[in-house]
Amino acid sequence: MTTTDGSGTFGRVLVIGGSVAGTLAAAAVAPHFDEVLLLDRDVLPEEAAFRKGVPQGAHFHALLAAGREAMDELLPGFSEHAVALGAARLDSAYDVMRLDRVGWSPRFASTLEFLMASRPLIEKALRDRAQLLPEVRYEPGAEVIGLVAADGRVTGVRLLDGRELTADLVIDASGRSSRAVVWLAELGYLAPTEEVVNAHWGYSSTFLRVPENWSPGFRALAVTPFGEGALSPAAASRAMAMWVVEGERRWILTVQGSAGDHPPRKEQDLRAFVSSIGVPELDKALEEVEFPEPISIWRDTRSRLRDFAGQPRRPEGFLAIGDAWMGFNPVYGQGMTAAALEARDLRDELATHLTEHPGDLTGLPARFYAKADELIKYCWNSSNALDHRIPGVEYTVDGEPRQVDPSSSDFSDRLAAYMAQDPDRYIRYRETTQLLRSPEWLASEEVVSAIKANWDELGRAVVPR
Ligand SMILES: Cc1cc2nc3c(=O)[nH]c(=O)nc-3n(C[C@H](O)[C@H](O)[C@H](O)COP(=O)(O)OP(=O)(O)OC[C@H]3O[C@@H](n4cnc5c(N)ncnc54)[C@H](O)[C@@H]3O)c2cc1C
């Protein structure tokens, strides 16, 4: 596809899905197109409200620091706008009380900031900023049911209402329920290899009302002591997070259970499930809060990777992004951040591509997938390393069961204990887990030899309390 008007910009991009990945992808490509049209089958609310097309919006959504940074780059002013709408700014080392297998994390004032908000608020803040871009327009109530193609290139989409829309580029950002594989098969393209990991996690979440001027000693509490040697047999499969999300009095509680030990839906049962973890600080906090809203549950926590990057043959003019490419086990909080980093890669690859091939989009999908695949595979491997240790975990490739390799946690537990010993080191470590810093230094000679030299001492620190 080449520009025909000589202006150096292309005509139209169609983005399927106007949620987090779609909005960020729209911002990424907008400078090179006259029109970016986001098609969403949902009604997109004006307010930060729950909607049918994003049912996960009722659950805790951590936005990693790297994701927020990329969102601010793609849509300048995003963070300020989110805060103006009610999002909380948290000091990641001071405001957050974390208990995991190496005990309570150190707490001290730092400059590592965390933005915390409900999922609907994050989406609204992104959409508001995107709507300031003159090229960007949302069309709600527009459900895509297929692709249109000619001569090895996707040239548009088909809508449920019978319309066909044409485009120079189609981006699938329709999330975990994406039908892209079926649509591509209709055009004669083989499905990408699909890997699925299921550690049978389940969620129960509800928004909380906390007392006026509540001061529990934290603005966020995360308890993840699961695994061997957990606080109690029940805690081995259970985790939870309780965070301020909007204003000072709206908090969210999300409770998670792995290996099929799913948290219940009734308030009394959910409270009992949480107290079984055995953390007095958590029990005390829970006694002081009310559950004024319904409890939502979520059971499909499979990680699913469709290997679009590895496809031997693909059409031009089409690419998938966000959960449509890889849907993560949400427990590890990577989805929105991955979508933002992929969109930033798309922006950069598109700009470089057009410098090398002015006015020609041919080759863009291959180049985008190759670049963003580095991040996708990193996230995939890191979350699977954790899931692979969970009893009963299932792993399939194209539906065929495969053996998992339950990697030992001996080194990673000692690594966490070593990082907690020193504030500077701890901040660098948290920057790595927030994807702000390359993980390479965790495997550096300096770190590995320090851990080996103190193996027994660090091992003794790996008790939850
Ligand atoms: C329970 C749960 C908890 C999570 N927690 C976290 C977390 O803590 N941190 C984090 O970063 N991520 C988390 N995630 C992941 C996060 O929700 C997604 O990664 C993120 O929203 C990016 O998704 P997306 O934009 O690709 O898709 P979605 O947000 O799912 O949006 C897809 C959009 O496409 C639209 N659509 C679908 N099909 C069509 C169609 N045919 N035509 C038109 N429109 C269509 C839908 O209406 C929707 O608007 C969690 C997910 C779940 C399930």
Side-chain angles (χ1 to χ4, degrees), residues 14-26 37-45 50-68 70-71 114-120 122-124 126-127 138-147 157-161 165 170-180 182-183 201-205 220 222 239 241 243 245 252 254-256 262-263 296-304 306 320-343 376 379 383 434-435:
L14 291 173
V15 183
I16 310 168
S19 180
V20 170
T23 297
L24 292 164
L37 183 57
L38 290 114
L39 305 164
D40 203 294
R41 63 183 175 195
D42 241 8
V43 173
L44 301 172
F50 180 79
R51 64 185 174 92
K52 209 168 78 215
V54 183
Q56 71 267 34
H59 300 272
F60 172 84
H61 266 66
L63 175 57
L64 303 185
R68 190 189 88 171
M71 288 177 183
F114 213 108
L115 189 78
M116 190 58 206
S118 67
R119 172 66 172 67
I122 293 171
E123 189 183 312
K124 175 181 165 52
L126 290 172
R127 201 156 42 235
Y138 289 82
E139 188 173 324
E143 178 163 352
V144 175
I145 56 163
L147 302 172
V157 303
R158 287 186 290 117
L159 295 171
L160 185 62
D161 61 17
L165 301 177
V170 174
I171 300 177
D172 177 26
S174 60
R176 289 171 90 87
S177 64
S178 163
R179 308 265 306 148
V182 175
W183 298 339
W201 284 91
Y203 273 58
S204 288
S205 299
W243 296 58
V245 277
I252 192 167
T254 280
V255 185
Q256 299 145 330
H262 293 162
S296 304
I297 59 168
W298 187 279
R299 299 302 187 231
D300 180 9
T301 55
R302 288 173 294 179
S303 287
R304 192 200 59 202
R306 291 164 164 169
I321 196 165
D323 285 15
W325 180 358
M326 176 175 166
F328 299 87
N329 175 351
V331 168
Y332 306 113
Q334 296 166 320
M336 295 186 297
T337 294
L341 299 179
E342 287 161 34
I376 288 281
C379 293
S383 61
Q434 298 285 312
L435 302 181

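Starting from 1, each residue takes its place in the sequence as its number. One-based numbering, in listed order, for ligands and for the atoms of each.
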Considering only non-hydrogen protein atoms, determine which one is nearest to [atom] and report residue, atom name and distance to 0.1 Å.
atom                    : value
atom 24 (P) of ligand 1 : Ala21 CB, 3.9 Å
atom 44 (N) of ligand 1 : Arg41 N, 3.1 Å
atom 31 (O) of ligand 1 : Ser19 CB, 3.0 Å
atom 42 (N) of ligand 1 : Val144 N, 3.0 Å
atom 30 (O) of ligand 1 : Gln56 NE2, 3.2 Å
atom 5 (N) of ligand 1  : Phe60 O, 3.3 Å

Worksheet item: At a 4.0 Å cut-off, with the gap strictly under it, does some heavy atom of Ala62 reach an atom of ligand 1?
Response: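 Right, Ala62 reaches ligand 1.
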
Fill in: contact_flag Ser178 ligand 1 heavy-atom lt 4.0 Å
no

Whether [X] side chain and [Y] backbone form a donor-acceptor pair below 3.5 Å:
X      : Y      : result
Trp201 : Arg299 : no
Ser303 : Asn329 : yes
Ser118 : Val245 : no
Arg41  : Gly53  : no

With respect to [atom], which of [options] exhibits the smallest heavy-atom separation?
atom                    : options                        : result
atom 27 (O) of ligand 1 : Gly175, Pro140, Pro330, Gly327 : Gly175
atom 32 (C) of ligand 1 : Gly333, Ser174, Ser205         : Ser174
atom 53 (C) of ligand 1 : Trp325, Tyr332, Trp298         : Trp298
atom 16 (C) of ligand 1 : Glu342, Glu123, His61          : His61
atom 20 (C) of ligand 1 : Lys52, Gln256, Gln334, Met336  : Met336
atom 49 (O) of ligand 1 : Val15, Asp40, Leu64, Asp323    : Asp40

Contact atoms of ligand 1, heavy-atom distance to [X] under 4.0 Å:
X      : result
Leu39  : 43 (C), 44 (N)
Gly322 : 26 (O)
Ala173 : 32 (C), 33 (C), 34 (O)
Ala142 : 42 (N), 43 (C)

Would you call [X] and [Y] a side-chain contact if the rule is heavy atoms closer than 4.5 Å?
X      : Y      : answer
Tyr138 : Asp40  : no
Leu159 : Val144 : yes
Arg51  : Pro120 : no

Practice prompt. Please identify each residue that fulfils ring-ring contact (aromatic ring centres under 6.0 Å, His included) with Trp243, with sequence neighbours left out.
Written response: Phe60, Phe114

Give yes if a backbone or side-chain nitrogen or oxygen of [X] is under 3.5 Å from a nitrogen or oxygen of ligand 1, and no if not.
X      : answer
Arg119 : yes
Tyr203 : no
Gly335 : yes

Worksheet item: Should the proximity of Ala338 to ligand 1, defined as any heavy atom under 4.0 Å, be assigned to the side chain, the backbone, both, or neither?
Response: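 Ala338 to ligand 1: no contact under 4.0 Å from either part.
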
Worksheet, complete the sentence: Between Arg119 and the options Gln56, His59, Lys124, the side chain to side chain contact (heavy atoms under 4.5 Å, CB included) test singles out Gln56

Worksheet entry | Identified side chain to side chain contact (heavy atoms under 4.5 Å, CB included) counterpart of Val157 within the set Leu39, Ile145, Asp172 |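 Only match with Val157 under side chain to side chain contact (heavy atoms under 4.5 Å, CB included): Leu39.
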
Item to complete: Show your reasoning for whether side-chain contact (heavy atoms from CB on, under 4.5 Å) applies to Asp300 and Arg302.
Response: CA-CA 6 Å; Asp300 180 9; Arg302 288 173 294 179; 2.9 Å; yes

Worksheet item: Are Leu126 and Met71 close enough, and set up right, to give a side-chain contact (heavy atoms from CB on, under 4.5 Å), and what steps lead you there?
Response: CA-CA 8 Å; Leu126 290 172; Met71 288 177 183; 3.9 Å; yes

Practice prompt. Please round to the nearest 0.5 Å and tell me the distance separating atom CH2 of Trp325 and atom OG of Ser178.
Written response: 13.0 Å

